[in-house]
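Inspection log for the structure reproduced underneath, given as structure tokens.
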Amino acid sequence: MLDSNSSTSWDNIPSPASTSSPTGNEQNSTFMQTYTARRRQILDVLNVLTSLGIQNDIDLPRVAVLGSQSAGKSSLIESMSGISLPRASGTCTRCPMECRLQYGETWSCNVMLRFEFDGNGKRLSTPREVSFGGPISDKADVTARLQRAQRAILRPSIDANTFLDDSDLETKGPSLSFSKNYVCIHVQGPEVPDLTFYDLPGIIANVSDGGNEKDIQLVEDLAKMYINQPNCIVLLVITCETDFENQGAYRLIKADESLKARTVGVLTKPDRIEPGNEQRWLKILRNESNTLENGWFAVKQPDFQQLKHGISWEAARIGERDYFSSTHPWSNLEDQHRKRIGTAALADHLGQLLSELASQRLPEILTCIKRLLEDVNEELKSYPAPTYDDPKREIIMLLRDFTKDVAKHVEGLPPSCTDDPVDPFTAGLIYSINKKYDAFRLQVHRTSPQFRPWEKSMDKGGSISQTERRDLLRAVKEHDPPSGCVGKEFYLEDVMDLAERSRTRELPGNYPFAVKVTYIDETIRSWRDLASNCFGKVQDIMKDHVNRLVEDHFGRYAHGGLLEAVSHVVKEQFSRREAVTRKKIENICRGEDRPCTQNEDYFFHCRSELLVKYKATYRRSKGHGNIFGFAAESSRDQQRLVNDAIAALARLGLHGLKAESLVKLFPESKMDPALEIMSEARAYFQVAYKRFGDNIPNQIDASFVSGFDDDLELALVYTIPDADTCSKWLQESPQVASRRAALSDRKKRLEAAKDKLAPIVRLLPRSLFTEPSSLQRKSPGVEDLEGVEEYEGAEEGEGYEEYKEGECYEEYKEGEGGEEYEDGEEYEGAGECERVEYWVGMEEPRPRVIRREY
């Protein structure tokens, strides 16, 4: 665990700038000591974050051991950890095992049980890590402890302490086949590598008689849960005693290039290779076949007889080294491939990969932790702990806040730029309702009567062309909406026929008013249904909006009954306002049953304009050319003649005439009465639809939307009961209390992780977590050394140069006892900045200061 007293604390790691200037091997040794210590520190940080349960919130860097059943995973883990794992026939590993390996002065081992899932496989909101027995100081005791720990994981309903003394063997009842919960083992020792990894159950292809076929998929899904995490390094274990193609573990990664890019392969049981097949496996080791970006390793573990006789860890490592150094073809490998032979090389490489990945990811992880912490704090605001002395007063305050919120929404709130415009709630109540009003007015407008001031025969192959017909339609549709109308078409002769048949005792040339009423009634017949549908849609929006406000304000009090009580009052309020509103809508509709208007000016204007238009269109349909009856003249001559006529009439005292006014000079036609009926009925529609399209929305808004808030507070206050019932109403549900507790636990977990990680990220010099062997470069004036980056302009053995991404800066200033830099910090000795790296192998070297931006 990482704490301020740890022997590997950052304060105890020697700073390169604070040491004297070593040369040659001494400096290389100093670099490696610092590198190793800081790499160990990074792995310690990962262990701390894991123990805090951060992996439930964030994808932490990790190593997962993946292999088919009996591929030698257990033996490999034993060789890296120095402990003996339980061995039994069939599947040995039935739950994941986390191995935290750490260098220490003395050997010790601790076993924990990690519960992250419940009995149904659902992830727990708060993971539990419990100790399973005390510390172990004798390696011989580890195997039995791990075997019992696995039994405890597979039977979570039984107290874990029951398994410490094998008393669980007396317990009846089946255990789980496999579990997602896992056993944690923390091993420290002088010969233990710094590494943390997860051992996964082996991929199985078949189950024994009586076994569960579902276990095959269960184990595969468990493996995918780990290896599909982007920050997971996969250690793929392949045994040499079985054909490569028959091992199911490789199948899980071969189709995913991103997964292969973070996979390290290891070949086990090289002594089981069939004679003649050696070259095939060597090609894999050389990464010439089944290539992986991180390449392959080969290890040799004790065989069954050696394990049976209890071979020691030290003897096993000596045996492995002797095998590879004396057995063909391994003994004849090229130098670059010899580095990939043996367990120690594999463990060191994994530690390097994990620490490099962590050094890259820890700043991102810290940023993610801070973001998650903000989200948790924001959500916790929705679950405040109940702190009230007077329940009745608390109820009154809650109701008051609710009615104020309703009033704000009814009045209208501007939306946020991040709100979803499709969601009526976030888009705004009034905005959503206004859209329904606009749609309602359009529907009313589309009921416009479609008068056709020409004979029906012209639409059925008459004497005019399609272009002329389109021109006629365009002229009479000027006042129609762009989306078109649904009203019935009325042709000129039909209107005239109805007018003639409606005459009774009228004088010649007069026609009953009822003819016009007939066409008006035909038009407005659907308005009542349109108004009702509009109100229904507004009701739905209003109810949904208010009910969501109810849920927001009182949802956490559902358990005690307050939510139900408020919902009941709101429902009754809606019912009352609905009854009042429907009655007023009906009164408006009744007012439209009898044609009447006081808007005389607009009516006369529309009638006159339409009559002119209809007469002109009728004359054109009869072949009289344009609306003025001139067929031969050009448009320019036509306009000149019209202007001359208007000027002549003005000289006679008829001023203010327009071109359209000349239509009145046309000779009378037998169809004039029908044209007048059409123009008057259509003019009345123009007046009535605008009036109706305003009156209905205004009434709905006044009686239902705004009216809902009028006496809501009074209705709610009447429901307030006695103090005891108020206390009951305010009782939290177990779910709310549980959620708040889970959020509080998560907050503590994230805060602890942030506190542990923040100081380390601030001191994180990334390049020191890159293995020197991977950075071999040559520079002018610098000997061929490991860990030295090439920079242009570095002269032999000279001075201090400050770099930012390889570019030289002239910001060096000399200060007393050291060098002063932009960050304002002074350091004794060789001008140390926030990030100080020591370059090794220079002749008469001096510290070189590197400024890097992170």
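Atom set for the values below is all heavy atoms of this structure, side chains included, hydrogens, waters and symmetry mates excluded.
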Salt-bridge criterion met for [X] and [Y] (N-O under 4.0 Å):
X      : Y      : result
Lys224 : Glu220 : yes
Arg114 : Glu129 : yes
Arg262 : Glu293 : no
Glu320 : Arg317 : yes
Arg123 : Glu116 : yes
Arg272 : Glu241 : yes

Distance (rounded to the nearest 0.5 Å) between [X] [atom1] and [Y] [atom2]:
X      : Y      : atom1 : atom2 : result
Asn332 : His337 : CG    : NE2   : 13.0 Å
Asn231 : Ile365 : CG    : CD1   : 6.0 Å
Leu252 : Ser68  : CG    : OG    : 8.0 Å
Leu373 : Lys748 : CG    : NZ    : 13.5 Å
Lys747 : Asp375 : NZ    : CG    : 13.0 Å

Margin query: Would you call the rings of Trp330 and Phe324 parallel, tilted or perpendicular, taking 30° and 60° as the class edges?
Written below: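 Correct class here is perpendicular.
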Notebook entry, point to check: Between Tyr182 and Tyr198, what is the ring plane arrangement, given parallel below 30°, perpendicular above 60°, and tilted in between?
Noted result: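 Correct class here is perpendicular.
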Next item on the list: Apply side chain to side chain contact (heavy atoms under 4.5 Å, CB included) to Leu164 and Phe132, showing your working.
Entry: CA-CA 8 Å; Leu164 287 170; Phe132 187 69; 3.5 Å; yes
Item checked: Working for side chain to side chain contact (heavy atoms under 4.5 Å, CB included), residues Arg280 and Asp243 -> CA-CA 10 Å; Arg280 182 181 182 187; Asp243 287 344; 4.2 Å; yes
Verify, without hydrogens or angle tests, whether [X] (side chain) and [Y] (backbone) share a donor-acceptor contact under 3.5 angstrom.
X      : Y      : answer
Thr367 : Pro363 : yes
Ser179 : Asn181 : yes
Trp296 : Leu282 : no
Asn110 : Ile185 : no

[X] versus [Y]: any side-chain heavy-atom pair under 4.5 Å?
X      : Y      : result
Lys73  : Asp199 : yes
Ile341 : Leu285 : yes
Ser75  : Thr268 : no
Thr143 : Ile83  : no
Val183 : Met112 : no
Pro61  : Leu46  : yes
Lys370 : Lys754 : yes
Lys139 : Asp141 : no

Margin query: With side chain to side chain contact (heavy atoms under 4.5 Å, CB included) as the criterion, how do Trp281 and Ile238 come out once you've worked through the C-alpha distance, each side chain's angles and the decisive distance to 0.1 Å?
Written below: CA-CA 10 Å; Trp281 293 103; Ile238 298 293; 3.9 Å; yes
Item checked: Geometric cation-pi criterion Arg62 and Phe197, 6.0 Å radius, 45° cone ->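 No cation-pi geometry.
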Checklist line | Check against side chain to side chain contact (heavy atoms under 4.5 Å, CB included), Gln188 and Trp107 | finding: CA-CA 5 Å; Gln188 287 183 301; Trp107 191 93; over 6 Å; no
Item checked: side chain to side chain contact (heavy atoms under 4.5 Å, CB included) partner of Val111, chosen from Arg145, Arg148, Met97 ->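 The side chain to side chain contact (heavy atoms under 4.5 Å, CB included) with Val111 is passed solely by Arg145 among Arg145, Arg148, Met97.
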Check: Given the rule in the side-chain hydrogen bond (donor to acceptor under 3.5 Å, both in side chains) test, do Asp221 and Gln217 qualify, once you have shown the distances and angles that lead to the verdict?
Finding: CA-CA 6 Å; Asp221 291 342; Gln217 189 62 43; 2.8 Å; yes
Notebook entry, point to check: If you draw a 6.0 Å radius around CD in Glu105, do more than 12 non-hydrogen atoms from other residues or ligands fall strictly inside?
Noted result: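 Open: at most 12 neighbouring heavy atoms sit under 6.0 Å from CD of Glu105.
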